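Structure, as structure tokens:
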Amino acid sequence: MDSITSLMNEDDDNSLLVIVADFNIYSWGQRAQTVQSEGRDGRRFPLITLPTFIENLLVFINAYLMLNQENQIALISSVIGESYFVYPPQPQQALTDHRCISEQIQSSLERINTICLENLDKRSEEQQQQDCTSSFSAAMSLALCYINRIKKEFPSLRARILVFNLSPDVSTQYIPVMNCIFSAQKQSIPVDSCVLSTTDSTFLQQASHLTNGIYLKPQRQENLSQYLLSTFLVDSFSRNTKFALKYDLSKITNASATTSATTTTTTTTTSSTNSN
Amino acid sequence: MIYFTKEMMIGRRRRGNNKDDGYNLDEDQDPDHVLQLNDQGTNKYKWESQFERTWDDIEEDESGLRPSLQEERIMRTRRQRIDAQRVRRGMQRHICLIVDLSKTLASQDMKPSRHQCLLNSSESFIKEFFDQNPISQISLIVTKNSKAEKLTELNGNPNRHITALKNTSAMEGDPSIQNSLEVAISTLSHVPKYGSREIIVIYSSLTTCDPGDLTKTIEILKNEQIRVSFIHMAAELFICKHISEQTHGTMKVVLNEEHFNECLMLHCQPPPTFGKTEAALVEMGFPQQHTSSIPMMCMCHEQLRYVGYTCPRCSSKFCELPTDCQICNLSLVSSPHLARSYHHLFQVPLFTEINWRELKTEISCFGCLTVPKSSSLFFGCPRCKQSFCFECDQFIHESLHNCPGCENNLNTNENDVNNNSNHSQNGNDHGSDQPISQ
């Protein structure tokens, strides 16, 4: 037991989580037409809508911030042709805003929601064919730049990236995305991905495989917050299966169930990764 | 004694207070600080740290800018200037790393000794090299006692080279340039034409002990299109300079330990190809990873394993990629290995400095939202006009190889012809699936 406590003291378990969320109006709008996803056994499950997604995301963010007082968070929104920080706000705004983190995030997410819903109605059919791709590579680049800065300020911090993806992969972004993945891999930043579309994303499969992150495509999206809490809340240190085995934490059935689930998801990604 | 501990406490407390100000090189150079931040970000006492030649830095500082940063910047500018235009580079490189292990390595002009410096730098170089050029190969050749000896055959496993170099005895006799070049030529002459052939010589001695005429060796090198680059740890020798000039290589003389490291690291980037290079189709296999229910023998270690990659042509099993199939000689890679060397071909443009003090609007770093402080430097991307702090600029060019601002503009610029030409320079339009439309 002594060794556990010494390990705990050695590694401060405060962490930085950068969430990259896809708020592409076009992709969310397209989902509204196909409301249901087909499960493995042919059963149909409803797809999550934008307002419920934002609610679930807020639950997750609050839970994460409550885990540790020193936990830090950043939220990047990637929309059509642009990516920007939702939290932390731009430095000029930050001076005037004195609310707590979760309130700030909540208000900005609600703003995104209303903007999305407004634009969704305005958007014409012809436009949709042309520029409807999210700038995922830009969002990843921003996330890595931000992590690079925070790591200089707090060297002991453990950073990871969580990507919520919806839009299909864009082949023109292949090189920039791979650059991001290699940069994350070099700094050992895990990239976790949660895919909400009905098809798998090869970019994110590669990203999670190469950086030892988790790739998850939830089957029953109405229970998204449960998926998030059980899979993505665990920090990278606690995920280490070696640690779990060494100190015999597998007695707790829940913990072992999640670890086995993660290993299966990662192995399934590898086969498709190499076929590219 | 008590005085010392008090002083140390003060130093520690100050560091704690400075936390909020951000990481700033300038503010760390307060002479009162006994505790200093070293490269790993841990505290270190002044008397534990390495000997600093501060006067070297001051000489460089003419424009009134901070010496250390300015120097770094000059280094980077120099590197980028050479490769500003789009050039053709050999992606599959075959390198013979010749290391001089003669008695001159015992010299202590580099701390702690030349030998130790050589081991450290070459270890980090080999790791970094394979990180950036995963489908390339290195062969290690050492020269001492007037002989040359091949330590490792051409292969792509960094650990094999590093352990081989560490386990050889050093500091014996004189080196021989000719012998080692001959060994390297015999190694590289079997390499297929499409791969670039290079020799990097890390030389320490001022003499060479050769059996014959070196000019004939140079002729062979030229005919075989082998590029020879020298890094000399002490001085510029005529013969080194001559060989490197004749074979399109570079000649560098090391100034200090850090400069040595930098000189080596410059070789991580593939040089532009010279002479006639024919485009050739190369056969490559992209094996799938399989987990079998019964363990199978792997071809590389001859051990029974569950997980492995199977060769698509002959179905033999291997533990790691990239490798050459030992049965059918197909080179096996995975797609990320190829993608990893793309950033050498499609580079981020060098950012220009912004004088933010004279701007009317307040700016912040686009990448990390930092606001400028009294002594900070800010840079602007010439393509997307976004501003970045020094840290981000460095990170973008050295690790990320993407400009976040340019990525943002990707879609909006696609219809613009002017920007489209920029695009193809960056290589972001991967393939020609988007015709330029006016």
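Keep in mind it's a predicted model, so treat the numbers as computed, not measured. In the text below, chain A, chain B and the rest are named by the order of the sequence lines, each starting its count at 1.
Using a 4.5 Å heavy-atom threshold, the side chains of Phe395(B) and Gln187(A) count as touching. Here the side chains of Ser335(B) and Gln206(A) are in contact, with some heavy-atom distance below 4.5 Å. Using a 4.5 Å heavy-atom threshold, the side chains of Phe366(B) and Cys145(A) count as separate. Contact of the Met178(A) side chain with the His401(B) side chain is not registered, since no non-hydrogen atoms from C-beta on lie closer than 4.5 Å. At least one side-chain heavy atom of Pro336(B) sits under 4.5 Å from a side-chain heavy atom of Phe182(A).
Neither side chain, Glu407(B) nor Ser141(A), offers a donor N or O lying under 3.5 Å from an acceptor on the other.
The residues Lys151(A) and Glu391(B) are annotated as not salt-bridged, no charged nitrogen and carboxylate oxygen being separated by less than 4.0 angstrom.
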Practice problem: Please assess Cys180(A) against Asn402(B) for the test side-chain contact (heavy atoms from CB on, under 4.5 Å), listing each intermediate value before the final yes or no. | Solution: CA-CA 8 Å; Cys180(A) 290; Asn402(B) 271 344; 3.2 Å; yes
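Arg149(A) CZ to Cys392(B) SG: the interatomic distance, rounded to the nearest 0.5 Å, is 8.5 Å. For the atom pair CG (Leu142(A)) and SG (Cys368(B)), the distance works out to 10.0 Å, reported to the nearest 0.5 Å. Atom CG of residue Leu369(B) and atom OH of residue Tyr146(A) lie 7.0 Å apart, to the nearest 0.5 angstrom.
Contact between Tyr174(A) and Ala339(B) at its shortest, heavy atoms only, is OH-CB, 3.7 Å.
Of the atoms belonging to Phe388(B), not a single heavy atom falls under 4.5 Å from chain A. When heavy atoms are compared at a cutoff of 4.5 Å, Asn179(A) approaches chain B by way of both its backbone and its side chain.
Heavy-atom pairs under 4.5 Å with chain A were tallied for Val307(B), Val371(B), Ile396(B), Thr370(B); the largest tally goes to Thr370(B). Considering only heavy-atom pairs separated by less than 4.5 Å from chain B, the leading option among Ala143(A), Ala139(A), Ser83(A), Ala184(A) is Ser83(A).
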